[in-house]
Amino acid sequence: MGKRVALVLAGCGVFDGSEIHEASAALVHLSRGGAEVKIFAPNIEQRDVVNHLKGSPAEEKRNVLVESARLARGNIQDLAELKASEFDAVIFPGGFGVAKNLCSWAVDGKNCTVNEHVSSTLQAFHSAKKPIGLCCISPVLAAKVFPGCEVTVGQDKNIDGRFPDAETASAIAELGCKHICKNVNESHVDKANKIVTTCAFMCKAPLHEIFDGIGTMVQEVLKLA
């Protein structure tokens, strides 16, 4: 029987929700790994809405659960209904929605608050010693909720202009966590906490390399499950 994995989304679209390619890559690799997946998102209003064509704010309101349903092809549940006891692992794709809707990192950085259902979900899986997979900006959730854990968001220096958000690594370190430098096609496994992370679009890289990196994260999560 395949592993049961919960996938948590933060909307639909890189600038105000979940990064679509990351969510899709995670789902493809989970499918290839024989996992049984259920998708969740918090039933809350988005912090903002961005016109992805212009890259500018839009004067409208959207709901994170409703928007995430686009990625889930309608098959999605309120995050408040997620029970860690029913799953073997949980995975969080990235995208600005993580830093805006699942927590306030986009505004407050390391002083951010984490959505109560996101925090309780992470803590429930951690307490049950079940693996947690995170990619792109999502590792900041673990850094905030689990002081002392190890994560990667890629590199801690903007090597060749490929890591424009390298300062995130420093903020993670300031939270008392250990940042591990990794390439885009790699992931890091914090064995003590069963947290698996990969940088994905925190690196400017060809899409197939990001896809492969997410694949290593998913594979390690399934191994730990």
Side-chain angles (χ1 to χ4, degrees), residues 5-33 35 37-42 46-47 50 52 55 62 64-65 67-73 75-76 79 89-103 105-106 114-115 118 121-122 125 131-143 151-155 162-166 168-169 172 180 182-189 195-222:
V5 180
L7 187 84
V8 180
L9 298 179
C12 181
V14 59
F15 298 126
D16 58 14
S18 288
E19 212 298 319
I20 293 171
H21 298 294
E22 291 177 8
S24 178
L27 287 166
V28 168
H29 287 296
L30 285 166
S31 176
R32 184 170 286 142
V37 181
K38 289 189 178 179
I39 304 175
F40 297 84
Q46 290 185 189
R47 177 176 288 272
V50 176
H52 280 57
R62 296 191 183 187
V64 174
L65 179 59
E67 291 302 297
S68 298
R70 295 174 180 271
L71 282 170
R73 297 172 59 87
N75 189 9
I76 194 168
L79 182 60
V90 64
I91 288 177
F92 289 75
F96 275 101
V98 172
K100 292 179 175 181
N101 304 325
L102 302 192
C103 71
W105 187 277
V114 179
N115 172 275
V118 172
T121 294
L122 289 167
F125 277 85
I132 299 167
L134 309 114
C135 65
C136 194
I137 192 64
S138 290
V140 302
L141 297 173
V151 299
T152 188
V153 289
Q155 299 291 328
R162 297 176 73 232
F163 295 89
D165 301 305
T168 303
I172 286 169
I180 309 297
K182 290 286 183 177
N183 292 322
V184 67
N185 60 345
E186 300 175 315
S187 56
H188 176 69
V189 181
I195 295 171
V196 188
T197 51
T198 189
C199 70
F201 278 102
M202 294 293 276
C203 176
K204 290 184 176 180
L207 183 58
H208 71 277
E209 292 184 13
I210 292 165
F211 184 91
D212 291 346
I214 292 171
T216 68
M217 181 267 286
V218 169
Q219 288 167 16
E220 293 296 340
V221 166
L222 293 179

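Numbering starts at 1 and runs along the sequence shown.
- Checked options T216, T152, T198, T197; the residue passing with S187 is T216 (criterion: side-chain hydrogen bond (donor to acceptor under 3.5 Å, both in side chains)).
- For N101 (side chain) and D16 (main-chain N/O), a donor-acceptor pair under 3.5 Å exists by modelled atom type.
- Residues L141 and F92 form a side-chain contact, since some pair of their non-hydrogen atoms from C-beta on lies under 4.5 Å apart.
- Atom CD1 in I39 sits 13.0 Å away from atom CG in L79 (nearest 0.5 Å).
- Under the 3.5 Å distance criterion, the side-chain polar atoms of K100 are matched with a main-chain donor or acceptor of F15.
- L134 is not listed as a side-chain neighbour of I91, based on a closest heavy-atom distance of 4.5 Å or more.
- Residues I20 and L71 are in side-chain contact: their nearest non-hydrogen atoms beyond the backbone lie under 4.5 Å apart.
- Side-chain atoms of E22 come within 3.5 Å of backbone atoms of F201 as a donor-acceptor pair (strictly under, hydrogens ignored).
- Checked by atom type and distance alone, the side chain of H29 never pairs as donor or acceptor with a backbone atom of L27 at under 3.5 Å.
- A donor-acceptor pair is defined here as one N or O able to donate and one able to accept, closer than 3.5 Å; no such pair exists between the side chain of S18 and the backbone of G95.
- Between C103 and N115 the shortest side-chain heavy-atom distance does not fall below 4.5 Å.
- Side-chain atoms of Q155 come within 3.5 Å of backbone N or O of K182 as a donor-acceptor pair.
- Between V14 and H21 there is no side-chain heavy-atom pair separated by less than 4.5 Å.
- Side chain of S68 to backbone of A41: no donor-acceptor contact under 3.5 angstrom is found.
- Counting only distance, with no hydrogens or angles, the side chain of D165 and the backbone of T168 share no donor-acceptor pair below 3.5 Å.
- Here the straight-line distance linking atom SG of C203 with atom CD of E186 works out to 11.0 Å at 0.5 Å rounding.
- With a 4.5 Å cut-off on side-chain heavy atoms, P93 and L7 count as touching.
- At a threshold of 4.5 Å between non-hydrogen side-chain atoms, the residues K204 and P164 count as touching.
- Here C135 contributes atom SG and M217 contributes atom CE; the two are 4.5 Å apart, rounded to the nearest 0.5 Å.
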